[in-house]
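See below for the structure under consideration.
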Amino acid sequence: MTPTQPATSVFDLMFRLAYRLVYPVWRFYLKLSKRRTQGSQVAVWSGERVLLIRNSYRREYTFPGGYLKKGEDTRSAARRELREETGIAVPADQLVLALSWSRQHGRSIGHDDLYECSFEQAPSLKIDNREVVEASFFAPWQVPSLPVEPHVTEYLTKRAR
């Protein structure tokens with residue numbers, strides 16, 4: 001399947017530049033602070049294929065997701081991020097917690113929850129071409145040839161068992 005990648009405008013390029021400038025600063029801040037972060041992601045399945053996205057400020061593919069907003073739980077954040085990043089709306093009861101992990105970034109600790117959901121037919125994807133620049137469904141056998149975040153490999157390995 002061809003990745004979803006809309007035409008790029010000048011405004012898209014400006015947003016991408018802003019993301020690329022801000023992201024390393026945010027990572028540096030996290031490394032120095034004692035901040036605890038909580039994130040949430042979603043593995044969307046269509047048949048035997050899983051949705052991966054690529055952000056404009058990262059080289060690796062990952063699952064749709066992001067940080068929680070104040071007062072938000074991980075399931076709500078997963079739903080919100082999935083809708084914002086891909087245009088896919090999913091009811092909360094269709095999200096199943098599949099994996100949780102923590103990681104250290106310097107002095108800060110990040111925790112993420114990964115939910116999964118599935119569709120019989122691939123849902124249509126709508127990306128902003130600013131934060132998310134690519135989205136596509138991949139068969140698990142295709143993933144080892146892609147640059148992916150470590151938790152993507154961990155999840156797919158666990159799911160294959």
Side-chain angles (χ1 to χ4, degrees), residues 3-44 50-90 92 95-117 125-138 140 142-159:
T4 299
Q5 208 169 8
T8 305
S9 73
V10 172
F11 290 111
D12 294 338
L13 293 173
M14 289 171 37
F15 272 93
R16 287 182 189 183
L17 177 61
Y19 280 117
R20 286 185 185 156
L21 293 173
V22 170
Y23 183 71
V25 173
W26 171 249
R27 298 287 296 180
F28 183 71
Y29 164 74
L30 287 178
K31 192 173 188 172
L32 295 179
S33 73
K34 290 185 179 180
R35 184 180 173 116
R36 296 182 64 86
T37 61
Q38 175 68 56
S40 196
Q41 299 182 27
V42 185
V44 178
V50 67
L51 175 64
L52 296 178
I53 66 165
R54 193 172 59 77
N55 297 106
S56 59
Y57 48 89
R58 299 193 70 139
R59 183 172 132 356
E60 300 84 10
Y61 286 84
T62 191
F63 300 114
Y67 293 110
L68 276 63
K69 290 184 176 179
K70 188 174 182 159
E72 193 174 41
D73 61 65
T74 60
R75 186 177 308 251
S76 297
R79 291 181 66 224
R80 176 182 51 77
E81 288 286 347
L82 180 62
R83 189 177 57 257
E84 288 175 1
E85 294 186 349
T86 67
I88 299 172
V90 62
L95 293 177
V96 177
L97 184 61
L99 183 68
S100 292
W101 70 94
S102 294
R103 66 200 173 287
Q104 186 99 26
H105 293 295
R107 296 172 60 185
S108 72
I109 296 174
H111 180 79
D112 274 80
D113 287 342
L114 175 67
Y115 291 88
E116 62 183 2
C117 64
L125 303 172
K126 185 174 192 255
I127 61 174
D128 65 6
N129 207 25
R130 292 173 179 183
E131 180 182 10
V132 178
V133 294
E134 202 174 325
S136 188
F137 285 88
F138 294 92
Q142 294 174 296
V143 174
S145 67
L146 300 172
V148 295
E149 292 289 321
H151 64 273
V152 172
T153 303
E154 180 185 348
Y155 165 73
L156 292 175
T157 302
K158 177 184 171 192
R159 194 170 196 271

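Throughout, numbering of the chain's residues begins at 1 and tracks the sequence.
- Side-chain atoms of Thr86 and Val44, non-hydrogen and from C-beta on, never get closer than 4.5 Å to each other.
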Evaluation steps, side-chain contact (heavy atoms from CB on, under 4.5 Å), between Val42 and Val90: CA-CA 10 Å; Val42 185; Val90 62; 5.8 Å; no

Residue pair Glu60, Thr62: steps toward the side-chain contact (heavy atoms from CB on, under 4.5 Å) verdict: CA-CA 6 Å; Glu60 300 84 10; Thr62 191; over 6 Å; no

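- The two atoms that bring Asp12 and Arg130 nearest to each other are OD1-NE, 2.8 Å, heavy atoms only.
- Side chain of Asn55 to main chain of Arg58: no donor-acceptor pair is present (N/O by atom type, distance under 3.5 Å, no hydrogens or angles).
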Criterion ring pair (Phe, Tyr, Trp, His ring centres under 6.0 Å) on Trp26 and Tyr57, from CA distance to verdict: CA-CA 12 Å; Trp26 171 249; Tyr57 48 89; over 10 Å; no

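- When all heavy atoms of Ala135 and Ile53 are compared, the closest pair comes out as CB-CG2, 3.9 Å.
- Residues Pro147 and Arg59 come closest through the heavy atom pair CB-NH1, 2.7 Å.
- Here the closest heavy-atom approach between residue Phe138 and residue Val143 is recorded as CB-CG2, 4.3 Å.
- Across all non-hydrogen atoms, the minimal contact from Tyr115 to Leu97 is CD2-N, 3.5 Å.
- Residues Val133 and Ile127 fail the side-chain proximity criterion, which asks for heavy atoms closer than 4.5 Å.
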His111 vs Ser100, side-chain contact (heavy atoms from CB on, under 4.5 Å): CA-CA, chis, key distance, verdict: CA-CA 7 Å; His111 180 79; Ser100 292; 3.9 Å; yes

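- In this structure, Tyr67 places its OH atom where more than 12 heavy-atom neighbours from other residues, nucleotides or ligands lie under 6.0 Å away.
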Step-by-step side-chain contact (heavy atoms from CB on, under 4.5 Å) determination, Leu114 to Trp101: CA-CA 9 Å; Leu114 175 67; Trp101 70 94; 3.7 Å; yes

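- Interatomic distance, Leu95 CG to Glu116 CD, rounded to the nearest 0.5 Å: 9.5 Å.
- The CD atom of Glu85 lies 8.0 Å from the CG atom of Asp128; values are rounded to the nearest 0.5 Å.
- Pro24 approaches Leu21 most closely through the heavy-atom pair CD-O, 3.5 Å.
- To the nearest 0.5 Å, atoms CZ (Arg79) and CD (Glu72) are separated by 10.0 Å.
- Here the CG-CG distance, from Leu156 to Leu52, works out to 7.5 Å after rounding to the nearest 0.5 Å.
- A heavy-atom distance below 4.5 Å is found between the side chains of Lys158 and Leu99.
- Between Tyr155 and Phe63, the two ring planes are perpendicular [angle over 60°; tilted spans 30° to 60°].
- By the 4.5 Å heavy-atom criterion applied to side chains, Arg80 and Lys69 are counted as neighbours.
- To the nearest 0.5 angstrom, Glu154 atom CD is 14.5 Å from Arg159 atom CZ.
- Taken to the nearest 0.5 Å, the CG atom of Leu68 stands 8.5 Å off from the OG atom of Ser76.
- Of the possible polar contacts, none joining the Arg16 side chain to the Ser56 backbone as a donor-acceptor pair under 3.5 Å is found.
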